[in-house]
Engineer: 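Have a look at this one before I ask anything.
Only this structure's heavy atoms are used, side chains among them; waters, hydrogens and symmetry mates stay out. Atoms within a ligand are numbered from 1 in the order they appear, just like the ligands themselves. Position 1 is the first residue of the sequence; numbering continues from there.
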Amino acid sequence: MTFSQLRTFLEVARQGSVRAAAASLLITEPSVSAALAALRDELKVALVERDGRGIRLTAAGTELARYAAQILGLSEQAVRRTREAAGQAAPLNLVAVTTAGEYVLPPILKVFREAHRDVQLRMEVGNRTIVLDRILAREADLGFGGRPPEGRGILGVPFLDNELIVVAPHDHPFSNETSIDAALLAGETWLVREPGSGTRETTQEFWAKHGFQVASAMTLGSNGAVKQAAAAGLGVTLISSHAVTAELATGALRQLAVKDTPLRRSWYVLYLEADPLSGSCRQFLDLLASPDARTAVSNWFGGVGVGHA
Ligand code: PGA
């Protein structure tokens, strides 16, 4: 069993097909199939089975995928720590939920990069499950999300306020109201993010807290799609104010003055509690704990004349 075979197998597990894994790894499909066959022959168990046009993991394959992620993550960590022990800066692998990756981290990465040009930075953006998986497998050193995990050995440290607000098209009938009962919004079309999104979970909790069954909801797979649909008049949405700074400033969207909002949350940096932190990780955590990170986020749109919501 080689690292390369395990890496290929893990990509098949994540992509759900040989073709997609080959494209993602920039190798040929026969090479992917050969790696799967070699692992099957060595372990003498079936690891994948046909599922329509793709493939899915057997129970044995699911178990191997869990170990493969950990083995590869630990080996990457070994390389990082060894280089660091020799005086080289450890690369920093980050993973963020969509909203944080798109609207919070970019200006912070810029400040970090200016101060630490020797640190190689990489950031994956995914849903909450991906963020937690990458941290647990040690494929990412630090993760970012709006909801701290419970248990699982992952520490969540808040570093920035995250206010969730209800926004609507600029000409919404409630846009000039000053105090709107949430229950009045039960009849609206709600635009919601995809399953796995933290914003979606928060929205569902908001509905439940206010005791309404939403008559009409439309799932859209990204913040961009949700915002454009809201601006086009398709409905209302609960969204992090960080994601709609520009649209509120230009008037494309209006914040509705719904009672009990903004929902005041935090953005969290997440990492394995029991693992030693690399020097690069500590430098990033120091930046997050300093006012520089908050200033970078709130000034982000300042340069193009857009103020913070
Ligand atoms: P999301 O995450 O961008 O996946 O919705 C936001 C959050 O975790 O609050």
Engineer: Can you report which non-hydrogen protein atom sits closest to atom 3 (O) of ligand 1, along with the distance?
Structural biologist: T99 OG1, 2.6 Å
Engineer: Under 4.0 Å from a heavy atom of V97: give me the atoms of ligand 1 that qualify, with their elements.
Structural biologist: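 Per the distance check, 2 (O), 4 (O), 6 (C), 8 (O).
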Engineer: Examine distances only and state if a side-chain atom of S266 and a backbone atom of Y268 form a donor-acceptor pair shorter than 3.5 Å.
Structural biologist: no
Engineer: Does CZ in R83 sit with more than 12 non-hydrogen atoms of other residues, nucleotides or ligands closer than 6.0 Å?
Structural biologist: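 No.
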Engineer: If you round to the nearest 0.5 Å, how far is CG of L220 from CZ of R200?
Structural biologist: 10.5 Å
Engineer: Checking the N or O distance criterion of under 3.5 Å, is ligand 1 in contact with N223?
Structural biologist: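 The answer is no, given that N223 and ligand 1 share no N or O pair closer than 3.5 Å.
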Engineer: Please could you name the atoms of ligand 1 that G198 approaches to less than 4.0 Å, counting only its heavy atoms?
Structural biologist: 1 (P), 2 (O), 4 (O), 5 (O), 7 (C), 8 (O)
Engineer: Give a yes or no on this: more than 12 heavy atoms of other residues, nucleotides or ligands lie within 6.0 Å of atom CD of E49.
Structural biologist: yes
Engineer: Using a plain distance cutoff, I'd like to know if T199 has any nitrogen or oxygen under 3.5 Å from a nitrogen or oxygen of ligand 1.
Structural biologist: yes
Engineer: Would you say G146 has any N or O atom under 3.5 Å from an N or O of ligand 1, going by distance alone?
Structural biologist: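 So ligand 1 has an N or O lying under 3.5 Å from an N or O of G146.
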Engineer: Of the side chain and backbone of R193, name the one, both, or neither that has a heavy atom under 4.0 Å from an atom of ligand 1.
Structural biologist: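 Near ligand 1, R193 shows its side chain, while the N, CA, C and O stay back.
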Engineer: Please say whether N162 places an N or O atom under 3.5 Å from an N or O atom belonging to ligand 1.
Structural biologist: no
Engineer: For S280 and V119, indicate whether the former's side chain and the latter's backbone hold a donor-acceptor pair under 3.5 Å.
Structural biologist: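 Checked: no pair found.
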Engineer: For E42, does the CD atom sit with more than 12 other heavy atoms under 6.0 Å from it, leaving out its own atoms?
Structural biologist: yes
